[in-house]
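Here it is: the structure, laid out below.
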Number of protein chains: 2
Amino acid sequence: MFSMKTKYAIKALIRLAHKRHNGPVLIADLSVEEGIPKKFLENILLSLKNEGMLASRKGKGGGYALLRRPEDIRIAQVVQLFDGPLAVPSCVKMSMVRSCNACGESPQCGLRLVMAELKESISGCLDRLTLLDLVLESEEPVFDPVI
Amino acid sequence: MFSMKTKYAIKALIRLAHKRHNGPVLIADLSVEEGIPKKFLENILLSLKNEGMLASRKGKGGGYALLRRPEDIRIAQVVQLFDGPLAVPSCVKMSMVRSCNACGESPQCGLRLVMAELKESISGCLDRLTLLDLVLESEEPVFDPVI
DNA sequence: TTAATGACGACTATTATAGTCGTCTATATT
DNA sequence: AATATAGACGACTATAATAGTCGTCATTAA
Ligand code: SF4
Ligand code: SF4
């Protein structure tokens, strides 16, 4: 469903969100805490930085930090960054890239309906979710003291 | 999104549904009409037959035919046959196979929410659609004669 | 000046997909 | 029975994507 890059990216973002009031986080720390191969994580964080979601600082005391608020980071954007645009057929008009395939795009092609509906479902879901939702979900559950 | 096998399978099923009152359809014909490599289509149809959706007859006058009614064939079943079960994380309890990945399945993993919601969206969509829906969609539009 | 730390291009290994080939088996027709 | 037709089926290949590694360079704080 998702590539490892996407999954690692989301996990790293959640971790960075949790730590965002403690100054920059080292790649090495993130790598250990989330069990992500360090060199691989490097690439991923760099992409996220270029996307404008993270800031970094080199040298001693450096590291990565969240640049935008968790509620302003859509999961859809992360997925799109690593797994590319949702592979919607070219006949379903959107600025999406990969064509569904060699079909002449006949207006009666029966695949269109599935593709279109699925696209609605998925992007509806991913557009709605933000990093904040995931952060809240992954927090330690609060124990209500009885009485 | 879908493998070619899945897409070809759906297209072939639609075509077979359209022709289902005309006796068995040759692989060769389906292949030409839908632009599917013949040998490849062979495998696909065989899988669909083993799944109980199609019947076949060998020899002269043979070919493939739809075994169940279009409204009884769920698109989800076709997708699952060729692309395997939706890759839902093992932590989201369902009888799904591929694990999301080496994570210890901590109850606080933030990925769970995305995976679970997405799974709902997608399988909701694919479970709802049947072959009949696609067949209707791909029929020639009826021209209402004015007056 | 130096140790820490991110940046970045090139490389590799593994796997999945898409598709092909050859041969065998079943059936209808004559 | 003979033959042409048509599906069954296992083995094979080519290509591309994914997941990840390696080496080196650039920047910064102390
Ligand atoms: S195969 Fe059908 S759904 Fe896909 S691009 Fe062509 S017309 Fe659209
Ligand atoms: S990584 Fe998270 S979502 Fe995936 S299986 Fe593990 S706990 Fe579940």
Side-chain angles (χ1 to χ4, degrees), chain A residues 1-12 16 23-32 34-51 53-67 79 81-85 87 97-103, chain B residues 1-12 16 23-32 34-51 53-67 79 81-85 87 97-103:
Chain A
M1 178 87 336
F2 293 137
S3 65
M4 292 310 287
K5 277 196 178 181
T6 294
K7 290 193 243 174
Y8 287 157
I10 294 176
K11 290 186 130 191
L16 284 169
V25 181
L26 297 186
I27 295 181
D29 290 352
L30 267 179
S31 160
V32 170
E34 294 291 347
I36 305 172
K38 192 182 159 217
K39 280 300 209 175
F40 199 36
L41 181 57
E42 253 179 37
N43 302 338
I44 294 169
L45 293 177
L46 190 55
S47 300
L48 289 171
K49 178 189 169 183
N50 292 335
E51 194 71 4
M53 295 182 187
L54 301 180
S56 70
R57 228 173 47 200
K58 288 184 179 181
K60 201 167 187 177
Y64 269 95
L66 214 57
L67 194 57
V79 173
L81 178 59
F82 295 106
D83 290 348
V97 181
R98 281 190 277 175
S99 161
C100 176
N101 239 5
C103 56
Chain B
M1 178 89 332
F2 292 139
S3 64
M4 291 311 286
K5 278 196 176 179
T6 294
K7 290 192 243 174
Y8 288 156
I10 293 176
K11 289 185 130 190
L16 284 169
V25 182
L26 297 187
I27 295 181
D29 289 352
L30 268 179
S31 160
V32 169
E34 293 292 345
I36 305 173
K38 191 181 159 215
K39 280 298 207 174
F40 199 36
L41 182 57
E42 252 179 37
N43 303 338
I44 295 169
L45 293 177
L46 191 54
S47 301
L48 289 170
K49 177 189 170 184
N50 293 334
E51 194 71 3
M53 294 181 187
L54 300 181
S56 71
R57 232 181 37 207
K58 289 185 179 180
K60 200 167 188 175
Y64 269 95
L66 213 57
L67 195 57
V79 173
L81 178 59
F82 295 105
D83 289 348
V97 180
R98 281 191 276 175
S99 162
C100 176
N101 238 4
C103 56

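A, B, ... follow the sequence lines: proteins, then strands. Residue 1 opens every chain. This structure is a prediction, so every number in the text was calculated from the model and none was measured.
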Legend entry - Side chain of B:N43 (C-beta onward), nearest among D:dA8, C:dA7, C:dT20: C:dT20
Inset, instruction - Mind calculating the distance between CE (B:M4) and P (D:dA14) to the nearest angstrom? - result: 21 Å
Inset, instruction - Have a look at A:L26 and say if it touches a base, only the backbone sugar-phosphate, or nothing, with a 4.0 Å heavy-atom cut-off. - result: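 Here A:L26 touches the backbone only, sparing every base.
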Inset, instruction - Let me have a per-nucleotide readout for nucleotides 22-30 of chain C, 5' to 3', with B, S or -, counting only protein heavy atoms under 4.0 Å. - result: B--BBBS--
Legend entry - Whole angstrom value for the distance that separates P of C:dA10 from CG of A:L46: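 In whole Å, C:dA10 P and A:L46 CG are 15 Å from each other.
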Legend entry - Under-4.0 Å side-chain N/O to phosphate OP1/OP2 contact, B:S3 with C:dA16: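 No, no such contact exists.
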Legend entry - Within residues 39-49 of chain A or reaching into it, pairs that qualify as salt bridge (charged side-chain N to carboxylate O under 4.0 Å, His left out) - sequence neighbours excluded: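 Every salt bridge (charged side-chain N to carboxylate O under 4.0 Å, His left out) pair that includes a residue of residues 39-49 of chain A, provided the two are not neighbours, is A:K39-A:E42.
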Inset, instruction - With DNA chain C as reference, determine whether B:K38 or B:F82 sits nearer its 5' end, using the nearest nucleotide of each. - result: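 The answer here is B:F82.
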Inset, instruction - Rounded to the nearest angstrom, tell me the gap between atom NZ in A:K7 and atom C1' in D:dT18. - result: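 These atoms are roughly 12 Å apart.
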Inset, instruction - Using atom types as modelled and distance alone, determine if a side-chain donor or acceptor of A:S31 lies under 3.5 Å from a backbone N or O of A:P37. - result: no
Inset, instruction - For A:K49, report the nucleic acid contact type (base, sugar-phosphate, nothing); a contact means any heavy atom under 4.0 Å. - result: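 Touches sugar-phosphate only.
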Inset, instruction - Check whether any side-chain N or O of B:D83 sits under 3.5 Å from a backbone N or O of B:S3 as a donor-acceptor pair, and report yes or no. - result: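 Such a contact is found between B:D83 side chain and B:S3 backbone.
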Inset, instruction - Taking only the side-chain heavy atoms of B:I27 (C-beta and beyond), determine which of D:dG7, C:dG19, C:dA7 contains the nearest atom. - result: D:dG7
Inset, instruction - Starting at CG of B:L30, measure out to NZ of B:K11 and round the result to the nearest 0.5 Å. - result: 12.0 Å
Legend entry - Under the side-chain contact (heavy atoms from CB on, under 4.5 Å) test, residues paired with B:L66 that sit two or more places apart: B:L13, B:L16, B:A17, B:R20, B:L54, B:P70, B:I73, B:L131
Inset, instruction - May I ask you to evaluate whether B:Y8 reaches the phosphate of C:dG19, defined as a side-chain N or O under 4.0 Å from OP1 or OP2? - result: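 The answer is yes; a side-chain N or O of B:Y8 sits under 4.0 Å from OP1 or OP2.
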Inset, instruction - Starting from the 5' end of DNA chain D, give me the residue, A:K5 or B:N50, whose nearest nucleotide shows up first. - result: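 By nearest-heavy-atom nucleotide position, the 5'-most residue is B:N50.
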Legend entry - Which atom of B:F82 lies closest to which atom of B:T6, heavy atoms considered: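 Of all heavy-atom pairs spanning B:F82 and B:T6, the closest is CB-OG1, 3.2 Å.
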Inset, instruction - Quickly work out the A:I44 CD1 to D:dT18 C1' distance and round it to whole Å. - result: 12 Å
Inset, instruction - Write down the distance between CG (B:L41) and P (D:dG7), rounded to a whole number of angstrom. - result: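 Rounded to whole Å, this separation is 10 Å.
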Inset, instruction - Would you kindly give the CG-to-C1' distance between A:L48 and C:dA7, to the nearest whole Å? - result: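 Whole-Å distance recorded here is 15 Å.
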Legend entry - Flag, side chain of A:S56 to backbone of A:G63, donor-acceptor distance under 3.5 Å: no
Inset, instruction - Round to a whole Å and report the spacing from CG of B:L30 to C1' of D:dG7. - result: 13 Å
